[in-house]
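Side chains included, hydrogens not; waters and symmetry mates left out as well; all remaining heavy atoms used.
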2 protein chains.
Amino acid sequence: MELFWLKGYGSTSIAEILSRTQINSGSLYHFFPGKQDLLLAVLEAYREGIGPMLLEPAWAGVGDPIEKVFALLARYRGLILETDCTYGCPIGSIALELHEPDEAVRRLLAENFTGWVAAIETCLQEAGDRLPASTDRRALAELVLTVMEGGVMQARTYRDVAYFDRSVEQLRTYFDALEKLACAK
Amino acid sequence: MELFWLKGYGSTSIAEILSRTQINSGSLYHFFPGKQDLLLAVLEAYREGIGPMLLEPAWAGVGDPIEKVFALLARYRGLILETDCTYGCPIGSIALELHEPDEAVRRLLAENFTGWVAAIETCLQEAGDRLPASTDRRALAELVLTVMEGGVMQARTYRDVAYFDRSVEQLRTYFDALEKLACAK
DNA sequence: GTCTATAAAAGGATAGAC
DNA sequence: GTCTATCCTTTTATAGAC
């Protein structure tokens with residue numbers, strides 16, 4: 001999991017995985033028929049971890065549903081800082097690295113996005129009439145993912161978290177405008 | 001250029017480049033000392049092509065500066081459709097594929113983003129007081145790039161252009177809100 | 001500058017004893 | 001289930017004649 005995140009799927013060799021885990025070739029291949037099966041397992045682990053490993057820590061002590069959205073983005077900001085601005089979303093990176101993924105891999109990538117977006121969408125629904133009734137909450141939740149992925153990509157390319165911050169700040173301005181619109185009605 | 005776009009940098013072999021171009025190994029290495037030098041040349045070509053190959057075609061017949069922003073996004077929508085929703089931005093894909101790029105590569109990736117964003121920023125400045133004076137035009141231009149990259153990533157992962165469309169539609173709503181704000185003042 | 005042949009290493013995966 | 005040894009392919013890059 002960590003090697004695929006740090007180096008990417010293609011650039012991680014089986015030899016490196018064996019050395020890192022102190023496992024022998026025979027044992028690994030006993031459980032995982034091929035390298036791609038390792039990727040499938042990793043993507044399943046990410047999917048299962050969205051709640052307990054990502055959202056719950058990010059949302060500890062945060063009750064307001066709209067603040068939850070920005071608390072999650074703040075968590076990514078922390079990851080960017082912790083990695084000296086080299087952070088890449090493991091799902092997004094693999095989604096762009098693999099140009100002709102197996103259908104099973106593609107589906108797991110999509111399921112990861114869907115799980116993430118669904119959690120945000122729930123927040124936006126909890127926000128009720130603080131957002132305009134006309135707002136497509138799913139589309140807005142997808143925009144939040146878009147902002148995270150696009151912000152992470154630019155922060156990493158420039159090695160500067162300010163690129164992430166500016167996109168998030170624009171998203172905040174958009175939310176403020178939506179709240180104002182909902183209020184006016 | 002095309003092979004790196006279609007297959008990624010790591011998954012494109014020199015042998016494939018030789019076969020595709022009908023060039024022999026000796027000739028290629030005479031001009032390009034190593035594979036990475038090919039990547040540098042490709043990234044320079046993309047940078048030089050932003051205007052003539054991307055913006056000018058996308059903006060043909062479009063005068064309104066804000067419509068130019070969405071015309072460019074519409075161009076990407078066309079690319080997504082032309083590739084059966086497998087389109088990946090060549091710059092963004094390589095930015096996420098390479099986890100420890102050479103400084104020269106990283107800088108060229110950043111320069112590509114900067115050129116793209118600068119063109120959008122110019123549009124936003126041309127929009128003048130149709131946007132609030134308080135709007136950070138650079139940050140907003142970066143958000144446009146963010147939306148393109150995030151939208152392309154999701155459309156590709158889901159193999160469905162609707163994911164791109166929804167993020168762009170949200171961006172449009174944001175622009176509408178900004179224009180309304182500017183008008184009210 | 002271009003050609004063919006090939007080096008040298010790294011890659012994923014397997015064999016077969018234990 | 002785990003161990004060591006190794007197979008076979010692919011990969012980037014080079015050698016050296018022309």
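The side chain to side chain contact (heavy atoms under 4.5 Å, CB included) test applied to A/Glu2 returns A/Trp5, A/Leu6, A/Arg20, not counting sequence neighbours. A/Glu97 meets the side-chain hydrogen bond (donor to acceptor under 3.5 Å, both in side chains) test with no other residue; sequence neighbours excluded. Checked against side-chain hydrogen bond (donor to acceptor under 3.5 Å, both in side chains), A/Thr173 has no partners two or more places apart in sequence or in another chain. With sequence neighbours left out, A/Phe113 forms a ring pair (Phe, Tyr, Trp, His ring centres under 6.0 Å) with no residue at all. For A/Tyr87, the side-chain hydrogen bond (donor to acceptor under 3.5 Å, both in side chains) test picks out no residue, with sequence neighbours left out. For the side-chain hydrogen bond (donor to acceptor under 3.5 Å, both in side chains) test, residues two or more places apart in sequence or in another chain that qualify with A/Glu103 are A/Arg106.
Checking A/Thr157 against A/Tyr163 by side-chain atom types alone, no donor-acceptor pair falls below 3.5 Å. A donor-acceptor contact closer than 3.5 angstrom links the side chains of A/Thr146 and B/Gln154.
Counting any heavy atom pair closer than 4.0 Å across all strands shown, B/Ser11 reaches no nucleic acid atom.
The line from CZ of A/Arg166 to CG of A/Leu171 is 15.5 Å long, rounded to the nearest 0.5 Å.
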Quick one: side chains of residues 116-124 of chain B, donor-acceptor pairs under 3.5 Å with protein atoms, not counting sequence neighbours, listed by atom name and distance.
from, atom 1, to, atom 2, distance (Å)
B/Trp116, NE1, B/Tyr76, OH, 2.8
B/Thr122, OG1, B/Ala118, O, 3.0

Going by atom type alone, with no hydrogens or angles, which donor-acceptor pairs under 3.5 Å involve a side-chain atom of residues 33-58 of chain A and a protein atom two or more places apart or on another chain?
from, atom 1, to, atom 2, distance (Å)
A/Lys35, NZ, A/Tyr9, O, 2.9
A/Lys35, NZ, A/Thr12, O, 2.8
A/Gln36, NE2, A/Asp102, OD2, 3.1
A/Asp37, OD2, A/Gly34, N, 3.0
A/Arg47, NH1, A/Glu111, OE1, 2.6

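Judged by a 6.0 Å distance limit and a 45° cone about the ring axis, A/Arg77 is not positioned over the six-membered ring of A/Phe164.
Reading DNA chain C from its 5' end, the first and the last nucleotide to sit under 4.0 Å from a heavy atom of chain A are C/dG11 to C/dT14.
Within residues 22-31 of chain A, the residues approached by DNA chain C to less than 4.0 Å at the level of any non-hydrogen atom are A/Ser25, A/Tyr29, in residue-number order. Residues from residues 35-46 of chain A lying near DNA chain C, meaning a heavy-atom separation below 4.0 Å, are A/Lys35 in numerical order.
Between A/Tyr174 and A/Val147, every side-chain heavy-atom pair lies at or beyond the 4.5 Å cut-off.
Note that the two end axes of the helix from C/dG1-D/dC18 to C/dC18-D/dG1 enclose an angle of 10°, each drawn from 5 base pairs, rounded to 10 degrees.
Rounding to whole angstrom units, CD1 of residue B/Ile17 and P of D/dT10 are separated by 17 Å.
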